[in-house]
Protein chains: 2
Amino acid sequence: MGAMAIPDLARLAAALADPVRAAMVGALFGGVALPQQELARRGGVAPSTASEHLARLVDVGLLVRTTAGRRRYYRLVGPEVAEALERLGTLAPPAPRPRTLSQNDRLRVMTLARTCYDHLAGVLGVALADVLVADGTFARADDAFVETNATALRLERLGIDVATLRTTRRPLVRGCLDWTERRPHLAGAVGAALADTFLARGWVRRATGHRGLHVTEAGTTALAREFGIDLRPSTSSG
Amino acid sequence: MGAMAIPDLARLAAALADPVRAAMVGALFGGVALPQQELARRGGVAPSTASEHLARLVDVGLLVRTTAGRRRYYRLVGPEVAEALERLGTLAPPAPRPRTLSQNDRLRVMTLARTCYDHLAGVLGVALADVLVADGTFARADDAFVETNATALRLERLGIDVATLRTTRRPLVRGCLDWTERRPHLAGAVGAALADTFLARGWVRRATGHRGLHVTEAGTTALAREFGIDLRPSTSSG
DNA sequence: ACGACCGTTCGGCCTGCGCCGAACGATCCG
DNA sequence: CGGATCGTTCGGCGCAGGCCGAACGGTCGT
């Protein structure tokens, strides 16, 4: 009778169903670990309440807790969580409802460029993936990306050593379906390495308080020069 | 403050958070449309209650409702829903807790062979995908599958006409991460066509009441002959 | 046209759970 | 060692929402 269909889908969904918990998970999408206090602030609840929420998220297997001194840090259990949730996000809203101005501003930043766990997402992430497919660095297969015989060489020009990346257990490249663009961006070891590179070269800067990314002036010219990417909202929105 | 991270992830998750609603969605994973009455029965609630649940699932964009006479049929809005949810399921339980005997039986059938929306999943689905990759019908890319120049010819031997499948808007082949096996099986137009073929040839039969599939005797020999697949639980579990 | 059936809406009950403040343990600092 | 932080557990409050039965409209059968 119980129809267990997806094992404890309900249990997992219930853990994400609360706005406060969703906000906490969202805050951790950047892949960083945050202390309880900070997550309480992000969720807008008292520490005691936050403690309960976080315990539940750990219990259901979405977060892990590490203790450092008197602080307890929480982070996503791994990239798969962010990727599965990102994909879940593509199901929801075909047409976003109007929002307040400040929310709108943030939303614009988020759709333009943001991190998804540890790689680049948003318009920038998708555009970058498109370019790297167009120039043969990767081939596209459905919503995934495949290595080509040009991969190592091309990435080396960006200062990314594929051989090193292979030493990790992580898959070299993965596709991750973008919540805003509904098309895949680059995840996996290469995705993370690209994000690191962009940050290290000062092309993008982390926003404070959320996982949006600001494209710097240097970044704008570099993206145009290196990849022919122009992020100005010519055709998009209004 | 609100930190909307994933747009209304919380809203979507809340829709799935109730066991009754999760059971309803699970019942529709097979891709079929079921009348309200039947879904009420599956959920174990009164028709009035079911009506509220279903309205909510429609509202959040997971289900669509079609009216036929005095019946109202509900079905998943599309394969993406089943695939995203299937993937979500891979996050949850690394080690399933012990269950009652009848539940165990059903679970065994489900892990062995079942449908995911309209294609094959479970051990069978994953094994089939592996074989078709091994024999060059498809290439694998991460968790996705790619067409090769042998695809059309190989599938023709199974009575599947790729040219026809291309006429639909649907992608020819997709990877869908399997909840039990944590590895991809074949979805997309080809995935659906394979499931149709297996059913049409009597290799598998739909179980009643859930989306499990029974492999028939004819199916067992055919699978061994055509694909070298042996589903007996020799190496699996313990 | 009348009765049987399917489904939704409405009103009312009640549990679950999200919220907080208080109290307590644990860790760091001077 | 004492005070300040950080975090958890506990008790109690209040509301959202899941549940049902009753009533009603729409559709099919005869």
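Just so it is clear: chains get the letters A, B, ... in the order the sequence lines come, proteins before strands, and each one is counted from 1.
Relative ring orientation between A:His119 and A:His185 is described as tilted, the plane-to-plane angle lying within the 30° to 60° band.
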#### Entry: Worked check of salt bridge (charged side-chain N to carboxylate O under 4.0 Å, His left out) between A:Arg42 and A:Glu38
CA-CA 6 Å; A:Arg42 300 278 188 103; A:Glu38 172 66 13; 2.7 Å; yes
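Rounding to the nearest 0.5 Å places CD of A:Gln36 at 6.0 Å from OH of A:Tyr74. Distance check: B:Phe145 CZ to B:Leu186 CG gives 4.5 Å after rounding to the nearest 0.5 Å.
End-to-end axis angle of the helix from C:dA1-D:dT30 to C:dG30-D:dC1, from C1' rotation axes over five pairs per end: 30° (rounded to 10 degrees).
For the salt bridge (Lys or Arg N to Asp or Glu O under 4.0 Å) with B:Asp178, the lone residue among B:Arg183, B:Arg114, B:Arg87 that qualifies is B:Arg114.
Under a 4.0 Å N-O distance rule, the pair B:Arg182/B:Asp143 does not qualify as a salt bridge.
One interatomic measurement links the two molecules: CG of B:Leu54 to C1' of D:dC19, which rounds to 15 Å at whole-angstrom precision. The nearest whole Å value for the distance from the CD atom in A:Gln37 to the P atom in D:dG7 is 6 Å. The distance between atom CZ of A:Arg11 and atom P of C:dG16, rounded to the nearest whole Å, is 17 Å. The distance between atom CD of A:Gln36 and atom P of D:dT9, rounded to the nearest whole Å, is 11 Å. Here the C1' atom of nucleotide C:dT8 and the CG atom of B:Asp59 are 15 Å apart, to the nearest Å. Following rounding to the nearest Å, B:Arg71 (CZ) and C:dT8 (P) show an atom-to-atom distance of 13 Å. Atom-to-atom, CD of A:Glu38 to P of D:dG7 comes out at 10 Å; the value is rounded to the nearest Å.
With A:Asp18 contributing its side chain and A:Val20 its backbone, the two residues share a donor-acceptor pair below 3.5 Å. Put simply, the side chain of B:Thr115 never gets that close to the backbone of B:Asp118: no donor and acceptor are under 3.5 Å apart.
For B:Arg65 and C:dT8, the shortest distance from a side-chain N or O to OP1 or OP2 is below 4.0 Å.
Shown here are the ring-ring contact (aromatic ring centres under 6.0 Å, His included) partners of B:His53, two or more places apart in sequence or in another chain: there are none.
Note on A:Tyr73: nothing from the nucleic acid sits closer than 4.0 angstrom, heavy atoms only.
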### Protein-to-nucleotide contact annotation, 5' to 3' order, nucleotides 18-30 of chain C [B base; S sugar-phosphate only; - none; under 4.0 Å, heavy atom]
SBBB-----BB--
